[in-house]
Colleague: 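Before anything else, here's the structure in question.
Since we're looking at a predicted model, the values are computed, not measured. The basis for the numbers below is simple: all heavy atoms, side chains too, and nothing from hydrogens, waters or symmetry mates.
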Amino acid sequence: MALKNDGSAGLKDPLGLDRQSTALLQGELAWDEAVLGQGRLRIRSVVTLRWALVICEATALTLAATVFALPAPYAICFGLVGLAAWVNLLVGIATPGQRLLHPTEATLQLGFDILRVAGLVALTGGVINPFIALIGPPLVLAAATLSLRATAILGALAVGAVAAVSIFALPLPGADSLLSAPPLGYRLATAVALLLALALSAAFVREAAQETARRALALDVTQAVLARERRLSALGGLAASAAHELGTPLATIAIVAKEMAREAPTPQVREDADLLMAQAQRCREILARLTETPAASDEMHERMSLLQLLQEVIEPHRDVKGVRLEAIVTGAPGARKPGVRRMPEVIHAISSFVENAVDFADSEVLVTARFDADTISLEVRDDGAGIAPEILARLGEPYVTSRPGAEGSRTGHVGMGLGFFISKTLLERTGARVVFQNGRPRGAVVSVRWPRARIEASHE
């Protein structure tokens with residue numbers, strides 16, 4: 001469904017932006033500030049680091065007790081190790097691994113590890129225990145992913161912990177003559193502890209850097225998609241449909257024609273293939289000019305009902321054979337029906353979810369909009385097999401996909417693992433909360449919820 005743009009001009013602000021562009025820009029700035037406030041540390045990185053520390057500590061304590069027979073308060077030490085394992089199990093089960101931690105939560109998680117390692121060291125020799133180096137990895141991970149303030153807090157905590165265990169600590173097991181002649185076992189333990197600390201630090205800093213680079217690349221793609229959708233939204237209905245729908249077929253024609261020209265058995269066939277390439281390129285240039293000079297927006301074009309929004313996102317997929325699409329709008333009793341702003345990022349994201357549902361549905365896709373006095377929510381539900389647990393745990397991250405190849409896809413699209421990431425990112429920029437889950441008894445469900453004021457159009 002396409003609403004026609006009659007070409008009336010929008011109001012300009014002092015920077016020369018129309019009202020819609022200004023609102024979108026303000027939304028982007030607010031979203032960027034929110035992301036900076038959330039930090040860049042995922043819960044999965046914290047859980048993995050803690051498991052690595054637990055394994056190192058449990059191994060060292062076991063060897064000290066069984067192989068070297070060193071005296072130490074093993075019951076308390078293993079109790080601290082068991083506490084870390086128990087906390088990690090609870091965190092890993094209760095929280096999705098892809099979730100970004102709030103700076104306060106991340107500081108508490110890493111601060112717990114620093115204090116726990118300090119407690120173990122205090123029970124087994126204090127600052128002269130070589131395994132005090134294991135305080136380093138949580139601090140290094142914080143430095144790579146958290147804000148300067150959070151890193152400074154954890155740094156101060158680490159300094160205080162080291163100072164405390166250097167004064168208040170039990171003797172180092174089996175080290176009576178340590179100051180005069182350190183035994184070989186102590187020197188080897190020191191080397192092992194330092195190597196472990198360096199390896200863990202390097203591994204997790206590298207993981208954080210790679211994750212940052214991958215997300216930055218995916219966000220660049222998101223920006224490109226959003227820019228394209230804004231240009232298409234500003235065009236009239238027919239021009240927008242042509243620019244959006246003809247781009248991929250023209251690219252395919254150009255590629256096939258190029259292969260025909262390269263393998264042409266006769267000059268006549270080569271000449272025909274060259275003509276095809278030239279005409280396809282001309283069509284792409286025409287579409288490019290259309291997208292470079294979009295028509296101005298108007299108030300009628302910028303406002304739509306929830307039913308119009310649902311019809312627009314499912315319309316491109318109605319021709320898919322074997323799948324029935326249905327759109328339903330419901331509201332709370334007494335709640336006023338909202339009109340929503342036409343937002344290119346919302347239309348693109350929900351359409352992407354519908355396309356994915358069509359690919360994986362058995363026979364039906366249901367798109368539902370609900371509203372009450374405070375919120376507006378959309379839900380895309382299919383009756384397929386649902387999302388595999390290993391995919392569901394990471395869905396919304398870049399480069400995660402189980403979409404079939406083009407030959408096995410109803411819509412003909414090949415999964416590259418960016419669709420859900422782009423859609424989730426675009427929706428979060430509008431103030432939405434996006435949840436992926438499996439339905440009951442079967443199928444997949446994507447739920448999107450906004451505070452009503454974030455997407456509702458004004459009544460003027």
Colleague: Taking the side chain as C-beta and beyond, is there a heavy-atom pair between Val367 and Leu325 under 4.5 Å?
Modeller: no
Colleague: Within this structure, what is the CD1-CD1 distance for the pair Ile455 and Ile376, rounded to the nearest 0.5 Å?
Modeller: 4.0 Å
Colleague: I'd like to know if the side chain of Arg270 and the backbone of Ala261 have a donor-acceptor N/O pair within less than 3.5 Å.
Modeller: yes
Colleague: Would you confirm whether Arg50, through its side chain, and Gln109, through its main-chain N or O, come within 3.5 Å as a donor-acceptor pair?
Modeller: yes
Colleague: What residues form a salt bridge (charged side-chain N to carboxylate O under 4.0 Å, His left out) with Arg433, not counting sequence neighbours?
Modeller: none
Colleague: Within the 3.5 Å criterion, strictly below it, is a donor on Arg303 or Gln308 matched to an acceptor on the partner's side chain?
Modeller: no
Colleague: When you compare the side chain of Val446 with that of Asn356, does any pair of heavy atoms fall below 4.5 Å?
Modeller: no
Colleague: Indicate yes or no for a side-chain donor-acceptor contact from Thr430 to the backbone of Leu427 under 3.5 Å, with no hydrogens or angles considered.
Modeller: yes
Colleague: Please report the closest heavy-atom contact between Arg341 and Ala457, naming both atoms and the distance.
Modeller: CG-CA, 3.7 Å
Colleague: Is the backbone of Asp372 close enough, under 3.5 Å, to the side chain of Arg452 for a donor and an acceptor to pair up by distance?
Modeller: yes
Colleague: Would you say that Val54 contacts Asn88 through its side chain, given a criterion of any heavy-atom pair below 4.5 Å between the two side chains?
Modeller: no
Colleague: Is there a donor-acceptor pair closer than 3.5 Å between any side-chain N or O of Arg370 and the backbone N or O of Thr330?
Modeller: no
Colleague: State which residues pass side-chain hydrogen bond (donor to acceptor under 3.5 Å, both in side chains) with Asp272; sequence neighbours excluded, sorted by chain then number.
Modeller: Gln268
Colleague: Can you tell if the side chain of Val46 reaches within under 4.5 Å of the side chain of Val91, non-hydrogen atoms only?
Modeller: no
Colleague: What side-chain hydrogen bond (donor to acceptor under 3.5 Å, both in side chains) pairs are there with at least one residue in residues 134-143, not counting sequence neighbours?
Modeller: none
Colleague: Identify the two heavy atoms, one from Arg381 and one from Gly439, that lie closest to each other, and give their separation to 0.1 Å.
Modeller: NH1-CA, 3.9 Å
Colleague: To the nearest 0.5 Å, tell me how far Leu154 CG sits from Asp113 CG.
Modeller: 10.0 Å
Colleague: Below 3.5 Å, can you tabulate the donor-acceptor pairs from side chains in residues 384-393 to any protein atom, sequence neighbours excluded?
Modeller:
none

Colleague: Please round to the nearest 0.5 Å and tell me the distance separating atom CD1 of Ile350 and atom CE of Met343.
Modeller: 11.5 Å
Colleague: Find the distance between CG (Leu134) and CD1 (Ile114) and round it off to the nearest 0.5 Å.
Modeller: 12.0 Å
Colleague: Under the 3.5 angstrom rule, does the side chain of Thr425 hit a backbone N or O of Phe421 as a donor-acceptor pair?
Modeller: yes
Colleague: So which atom in Phe353 and which in Lys424 form the shortest heavy-atom distance, rounded to 0.1 Å?
Modeller: CZ-N, 4.4 Å
Colleague: Could you tell me which non-hydrogen atom of Ala335 sits nearest to which non-hydrogen atom of Ala373, and how far apart they are?
Modeller: CB-N, 4.1 Å
Colleague: Has the side chain of Thr151 got a donor or acceptor atom that lies under 3.5 Å from a matching backbone atom of Ala142?
Modeller: yes
Colleague: For Arg116, which residues count as a side-chain hydrogen bond (donor to acceptor under 3.5 Å, both in side chains) partner, sequence neighbours excluded?
Modeller: Glu57
Colleague: Who passes side chain to side chain contact (heavy atoms under 4.5 Å, CB included) against Arg440, sequence neighbours left out?
Modeller: none
Colleague: If we ignore hydrogens and angles and just use 3.5 Å, is the side chain of Arg342 paired with the main-chain N or O of Leu309 as donor and acceptor?
Modeller: no
Colleague: Which heavy atom in Trp450 sits nearest to a heavy atom in Ala432, and how many Å separate them?
Modeller: NE1-CB, 3.2 Å
Colleague: Are Leu53 and Leu200 close enough that some pair of their side-chain heavy atoms sits under 4.5 Å apart?
Modeller: yes
Colleague: Please test Ser305 against Lys337 for side chain to side chain contact (heavy atoms under 4.5 Å, CB included), starting from the C-alpha separation and ending with a verdict.
Modeller: CA-CA 8 Å; Ser305 69; Lys337 290 184 179 181; over 6 Å; no
Colleague: Using a 3.5 Å distance criterion without hydrogens, assess whether the side chain of Asp382 forms a donor-acceptor pair with backbone atoms of Val365.
Modeller: no
Colleague: Walk me through it: do Val81 and Leu120 pass the test side chain to side chain contact (heavy atoms under 4.5 Å, CB included)?
Modeller: CA-CA 8 Å; Val81 175; Leu120 281 174; 4.0 Å; yes
Colleague: Evaluate side chain to side chain contact (heavy atoms under 4.5 Å, CB included) for Val313 paired with Leu378, printing each intermediate quantity in order.
Modeller: CA-CA 12 Å; Val313 298; Leu378 297 180; over 6 Å; no
Colleague: Kindly determine whether Thr107 and Leu157 satisfy side chain to side chain contact (heavy atoms under 4.5 Å, CB included), including the steps that lead there.
Modeller: CA-CA 10 Å; Thr107 302; Leu157 181 64; over 6 Å; no
Colleague: Between CG of Asp362 and CG of Asp383, what distance do you get to the nearest 0.5 Å?
Modeller: 5.0 Å
Colleague: Which heavy-atom pair separates Val323 from Val358 by the least distance, and what is that distance?
Modeller: CG2-O, 4.0 Å
Colleague: Say you draw a straight line from CZ of Arg454 to OG1 of Thr375; how long is it, rounded to the nearest 0.5 Å?
Modeller: 14.0 Å
